[in-house]
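In what follows, chains are A, B, ... by sequence order, proteins preceding strands, each numbered from 1.
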Amino acid sequence: MTSHIADVLIPLALDTAYSYAVPDGLPLREGDVVQVPLGTREVAGVVWSLRPGSGANFKSVAGRIEAPPLSPQMRRFLDWVAWYTLAPKGSALAMGLKLADGERPEAVRVGVRLAGAPPRRMTPARQRVVALAGDGLVRLKRELAQEAGVSIGVVDGLIDEGTLETVALLAEPVAESPDPDFSRNHLSEDQRAAAEALAGTLSETPAPVTLLEGVTGSGKTEVYFEAVAEAVRQGRQALILMPEIALTAQFLDRFAARFGVKPATWHSGVTGRKRERLYAGIASGEVKVVAGARSALFLPYARLGLIVVDEEHETAYKQEDGVHYHARDMAVVRGRIENAAVVLASATPSIETRVNAARGRYRHVRLPERFGGRQLPRIRAVDLRREQIPRGRWLSPSLIAAMEESLGQGEQVLLFLNRRGYAPLTLCRACAHRYECPNCSAWLVEHRFRRSLVCHHCGHVERTPQACIACGSVDSLVSCGPGVERIAEEVAELFPEKRGIVLSSDFPGGTERLRRELAAIAAGEFDIVIGTQLVAKGHNFPLMTLVGVLDADIGLTSGDPRAAERTFQLLQQVTGRAGRGEKPGRALVQTWQPDHPVIAALVSGDAERFYREETRVREMAGLPPFGRLASLIVSAAEREAAEAHARAMAKVAEPPPGVTVLGPAEAPLALIRGRYRFRLLVKTEREVDLQGYLRAWMARCPKVRGNTRVAIDVDPQSFL
DNA sequence: AGCACGCCGACT
DNA sequence: GTCGGCGTGCTC
């Protein structure tokens, strides 16, 4: 006999909680983690709600799992995320529920120390152990044996004799507590005012969202550290979200310099026991500060007081598989639900965040100057129409002259070209055959080091042929256009005695080696760095005084409505790499269109004007942030199936007033994880219930068949 | 996500 | 005959 029914949400792609009978004698509360039968197996789930009832026709809850229960706020947040992203509720739960995979108890750590009289029979091995333990300190059993050069058996023997005694050691803390007053940084007047404004928001109800806008080198990090310190002082937790790549040793060291210890970090690389303990520590409130990638937003914080979203404009915050979400936007909502202050930090805020600040939804705190009176780099456009550059060369005389000057003074130069590989296009001289990807119809990019042609869209790789695959001519292939590898070749010819390095995401040797090389660059072991957008993010190069942008026009011509914004942000960050040390830096920006608004804003340093103009252009086009752009992502193993399905969906739906179906995107299909994928664009006015409409649409669409899947991606926008 | 069920091709 | 491949659908 039972008196209650539990609606249990299971972390699978299910949209409804399933009802189970609660056995008498099993005390359950909403939010508890339970084990329930599902089909033939048992799975873990969370009690989403409890209600009275006999539940005679339901299966019964098998039992409670010893895991931190999910707070009402956490459940509200997950419900909201599922609603907003149009994902099944169970999928949202899956992001927030991390259960121990092994049931095995944590290995007990046993310490030993000297306790009593020497053993009756002394041996050389025993003698060494006793001598070591003579200092009275507690050691791990295994360590003591190792240090003494004996086997564990010898130590065990001494324990049996009573010479040594065992001591239960407390589990190592997952993370040490940061000390908010460990070392106050010296802040400038501006910085102190900004820091006080941010820290003050923690005491407001409801806690507001603040845009912290500061040029590169203005000390944003130090400023938001003060808000973190305030959270810790109040006994609350702070979460610092960052793009995965930015979770560097450099950042952790800066944190440690301010707080005495490194913060707990959470990202996809944190696994196993460590992950479990962190999860538990965060749920208990023991872990005070977490620095993490976007997934850290879904942890069950006990007392969240502050969320910092560092580099809030970063596209890495957008998750594009499974549940589609933008961590920055979800952070704003989580903050509101937990009454935690939110700080969005960036040197180049996204348009939507700017608009929210301009409309008063977010506060706006500015750090207009570099810290320590350092100058912003002088930026100059190099008009490529007026420069004499030989065929097959890409560095203008102006840039070369500037490089000579800087290198001559022992300084570093960064050359930026956002194009991996050797050449973006390969042609046959004899028959004009263009090497294209068999899946995506994108050009294949030559990678000369790897001797292969690579599709940057889907990852397709083929060996660079000796003879043309179309006409058979030998040695007839020509490489058109530059990639970073090709620039490296040119640089080696121009500056043979200088040490150059190419940095791009296909850097050989993985993250570890990349990290080492970045440190080597900072230490001055290279003179010329040639890099893709990888170099724009998060690394300080104190000896870098000159930045050359080789082709500022890349990205301006794409059909993406955010192209201008993205290019502006990228170029502003890259040029900002110049002159972070003592000496002011300068940047030369090679372009074919020096009058383009993006280039003009960059050179004049008038970001405000650019954003105003860009906002106006978007308003006229009816694009976000003034409406919403959603896309249905249709994917299937076969290209035709995906395409046909998207077309069918576009026809079936009859949009309500305020909604425009822009139709299947003309953009080339992308092949991701063996599935063809493309978008069906929907535009709406702000007032329209986009979620309701899209759900209804999906329900009316032809039954999704034949391994076709549909996901929905709501673009970041103003939704508060 | 599993896991069963079912419907087709090649084997002890 | 039946073993097993995968495609489809259900799980309170």
Side-chain angles (χ1 to χ4, degrees), chain A residues 1-24 26 28-65 67 70 75 78-79 81-82 85-103 268 271-272 275-276 279 295 298 319-325 633-642 644-645 648-649 672-677 695 698-712:
Chain A
M1 264 291 80
T2 66
S3 59
H4 277 84
I5 296 169
D7 293 313
V8 176
L9 190 59
I10 294 158
L12 299 175
L14 300 169
D15 200 37
T16 47
Y18 285 170
S19 305
Y20 292 88
V22 182
D24 283 333
L26 180 68
L28 277 188
R29 307 172 68 166
E30 295 186 344
D32 280 349
V33 184
V34 291
Q35 190 85 4
V36 290
L38 183 72
T40 54
R41 68 217 150 105
E42 264 192 9
V43 294
V46 174
V47 178
W48 224 243
S49 58
L50 274 175
R51 57 195 162 94
S54 83
N57 38 354
F58 297 127
K59 291 187 183 176
S60 289
V61 173
R64 222 178 71 84
I65 294 178
L70 295 193
R75 281 177 277 137
L78 293 175
D79 276 336
V81 169
T85 64
L86 297 123
K89 281 186 180 178
S91 302
L93 174 61
M95 298 194 296
L97 192 66
K98 301 275 177 293
L99 292 170
D101 29 28
E103 289 289 302
S268 55
T271 53
R275 196 179 180 90
E276 288 165 29
Y279 185 86
S295 59
F298 292 90
Q319 173 144 88
E320 306 254 39
D321 55 43
V323 180
H324 291 238
Y325 69 91
I633 295 162
V634 183
S635 70
E638 271 143 37
R639 183 185 174 132
E640 289 73 25
H645 195 74
M649 288 185 82
I672 297 171
R673 286 204 218 134
R675 303 178 68 83
Y676 291 91
R677 143 192 298 227
R695 274 189 199 273
M698 287 183 75
R700 291 184 48 199
C701 273
K703 193 109 175 89
V704 175
R705 243 171 222 301
N707 207 14
T708 309
R709 284 203 300 240
V710 179
I712 294 178

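Nucleic acid contact class of Pro37(A) (heavy atoms, under 4.0 Å, all strands): sugar-phosphate only. Residue-level contact check: Ser19(A) touches the bases, meaning some heavy atom is under 4.0 Å from a base atom.
Whole-Å rounding puts the Lys59(A) NZ to dC10(C) P distance at 15 Å. Put simply, CG on Leu14(A) is 14 Å from C1' on dC3(B), counting in whole angstrom units. Computed from coordinates, the Lys89(A) NZ to dA1(B) P distance equals 19 Å when rounded to whole Å. Between the CG atom of Leu38(A) and the P atom of dC12(C) there is a distance of 5 Å, given to the nearest Å. Between Glu42(A) atom CD and dC12(C) atom C1' the separation is 14 Å, expressed in whole Å. The distance from atom CZ of Arg41(A) to atom C1' of dC10(C) is 10 Å, rounded to the nearest whole Å. Summarising the geometry, the separation between CG on Asp7(A) and P on dC12(C) is reported as 14 Å, rounded to the nearest angstrom. Rounded to an integer number of Å, the gap from CG of Leu93(A) to P of dA1(B) is 14 Å.
When each of Asp7(A), Asp15(A), Asp79(A) is paired with Lys89(A), the salt bridge (charged side-chain N to carboxylate O under 4.0 Å, His left out) condition holds for Asp79(A) and for no other.
Remark: ring of Phe58(A) does not overlap the six-membered base ring of dC12(C) in a stacked fashion, as centroids less than 5.5 Å apart with planes less than 30° apart are not both met.
The shortest distance between side-chain heavy atoms of Val47(A) and Val61(A) does not fall below 4.5 Å. Inter-residue side-chain proximity for Ile65(A) and Gln35(A) is flagged as met; some heavy-atom pair is nearer than 4.5 Å.
Between Tyr20(A) and the phosphate of dC12(C), there is a side-chain N or O to OP1/OP2 separation shorter than 4.0 Å.
Formation of a donor-acceptor pair under 3.5 Å by the Glu30(A) side chain with backbone atoms of Leu50(A) is found in this model.
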